[in-house]
A.B. asks: 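Structure below; questions to follow.
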Amino acid sequence: MRALPDQRMSILTIGVADVDAARQFYQDVVGFKPFMTEGMTLFDMGGIVLGLWERDKLHQDMGLMGNTCPKGACPNFAIAYNTRSRAEVDEIFERLKNHGVEITVEPHAASWGGYSGYFLDPDGHAWEVVHNPHWALTETGQVQIPQKGGA
């Protein structure tokens, strides 16, 4: 029996109104560095790639054009960014506030033992910035999910 593919996320592409404006936001405000900016913008997110692509092209690629994707009815999602400490969450939110970014949930102690808050990028995509004390991060920022049981 053939083994299933490794479970991972390789790229997350989000549809944006203006690729250049979105790139500028992520590069200049959030502080990410793109590795590709032709046609779409790509960021190496520590083993996962974040892609910024024109919303209409993304909808077309997904088969969601015209009446199949009425305004406001396309899938929405939140993207989580894990930090190494609560202080890092606060530092990120301070930077966002200094740039006038819309904060939807201020950083707070979560009921599950973590610390998180939410902000919106210029296109209304929700980001959670979170410190999860139950998960370690590799040197490159990849989440290490704790193994349950023995091996």
A.B. asks: Find out whether Val30 and Trp127 are in side-chain contact, i.e. whether some heavy atom of one side chain is under 4.5 Å from a heavy atom of the other.
C.D. replies: no
A.B. asks: Quick check: is Val19 connected to Leu120 through a chain of hydrophobic side chains (ILVMFWY, heavy atoms under 4.5 Å apart)?
C.D. replies: no
A.B. asks: Does Ile103 share a hydrophobic cluster with Tyr115, counting links as ILVMFWY side-chain heavy atoms below 4.5 Å and allowing steps through other members?
C.D. replies: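 Hydrophobic grouping puts Ile103 with Tyr115.
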A.B. asks: What pair of heavy atoms forms the shortest contact from Val89 to Pro107, and how long is it?
C.D. replies: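 Shortest heavy-atom contact: CG1-CB, 3.9 Å.
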A.B. asks: Step by step, would you call Ile79 with Ile14 a side chain to side chain contact (heavy atoms under 4.5 Å, CB included)?
C.D. replies: CA-CA 10 Å; Ile79 307 159; Ile14 58 177; 4.2 Å; yes
A.B. asks: By side-chain contact (heavy atoms from CB on, under 4.5 Å), which residues pair with Glu94, not counting sequence neighbours?
C.D. replies: Asn98
A.B. asks: Hey, mind stepping through His99 and Phe25 against side chain to side chain contact (heavy atoms under 4.5 Å, CB included) and telling me if it holds?
C.D. replies: CA-CA 10 Å; His99 283 67; Phe25 172 82; over 6 Å; no
A.B. asks: Within this structure, what is the CG-CE distance for the pair Leu50 and Met45, rounded to the nearest 0.5 Å?
C.D. replies: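 Reported to 0.5 Å precision, the distance equals 5.5 Å.
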A.B. asks: Over all heavy atoms of both residues, which pair between Arg86 and Ala109 is shortest? Give the atoms and the distance, please.
C.D. replies: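 Arg86 and Ala109 have their closest heavy atoms at NH1-CB, 4.3 Å.
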A.B. asks: Got a second to check how far Asp28's CG is from Arg23's CZ, nearest 0.5 Å?
C.D. replies: 7.0 Å
A.B. asks: Identify, with sequence neighbours excluded, every residue that meets salt bridge (charged side-chain N to carboxylate O under 4.0 Å, His left out) alongside Glu106.
C.D. replies: Lys97
A.B. asks: Specify the closest pair of heavy atoms between Gly113 and His134, including all atoms of both residues, with the distance to one decimal.
C.D. replies: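 The pair with the smallest heavy-atom distance is CA-NE2, 4.4 Å.
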A.B. asks: How many angstroms lie between atom CZ of Phe119 and atom CG of Leu96, to the nearest 0.5 angstrom?
C.D. replies: 5.0 Å
A.B. asks: Residues two or more places apart in sequence or in another chain: which of them pass side-chain contact (heavy atoms from CB on, under 4.5 Å) with Asp18?
C.D. replies: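 Counting only residues at least two positions away or on another chain, Asp18 forms a side-chain contact (heavy atoms from CB on, under 4.5 Å) with Asp20, Ala21.
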A.B. asks: Closest approach of Arg84 and Glu88, non-hydrogen atoms and distance?
C.D. replies: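 Heavy-atom minimum between the residues: N-OE1, 3.0 Å.
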A.B. asks: Looking at residues at least two apart in the chain, or sitting in another chain, which of them share a side-chain contact (heavy atoms from CB on, under 4.5 Å) with Ala110?
C.D. replies: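 For Ala110, the residues satisfying side-chain contact (heavy atoms from CB on, under 4.5 Å) (neighbours in sequence not counted) are Trp112.
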A.B. asks: My understanding is that only residues two or more places apart in sequence, or in another chain, count here; which of them pass side-chain contact (heavy atoms from CB on, under 4.5 Å) with Ser116?
C.D. replies: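 side-chain contact (heavy atoms from CB on, under 4.5 Å) list for Ser116, sorted by chain: His108, Glu128, Val130.
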A.B. asks: Going through the checks in order, is the side chain to side chain contact (heavy atoms under 4.5 Å, CB included) test met by Asp121 and Tyr26?
C.D. replies: CA-CA 8 Å; Asp121 76 5; Tyr26 283 101; 2.5 Å; yes
A.B. asks: Which value, rounded to the nearest 0.5 Å, describes the distance between Phe43 atom CZ and Lys33 atom NZ?
C.D. replies: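 Answer for the CZ-NZ pair, Phe43 versus Lys33, is 11.0 Å.
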A.B. asks: First locate atom CG of Leu42, then atom CG of Leu12, and finally report the distance between them rounded to the nearest 0.5 Å.
C.D. replies: 11.0 Å
A.B. asks: Salt bridge (charged side-chain N to carboxylate O under 4.0 Å, His left out) with Glu54: which residues, sequence neighbours excluded?
C.D. replies: Lys57
A.B. asks: Rounded to the nearest 0.5 Å, what separates atom CD in Gln24 from atom OG1 in Thr37?
C.D. replies: 13.0 Å
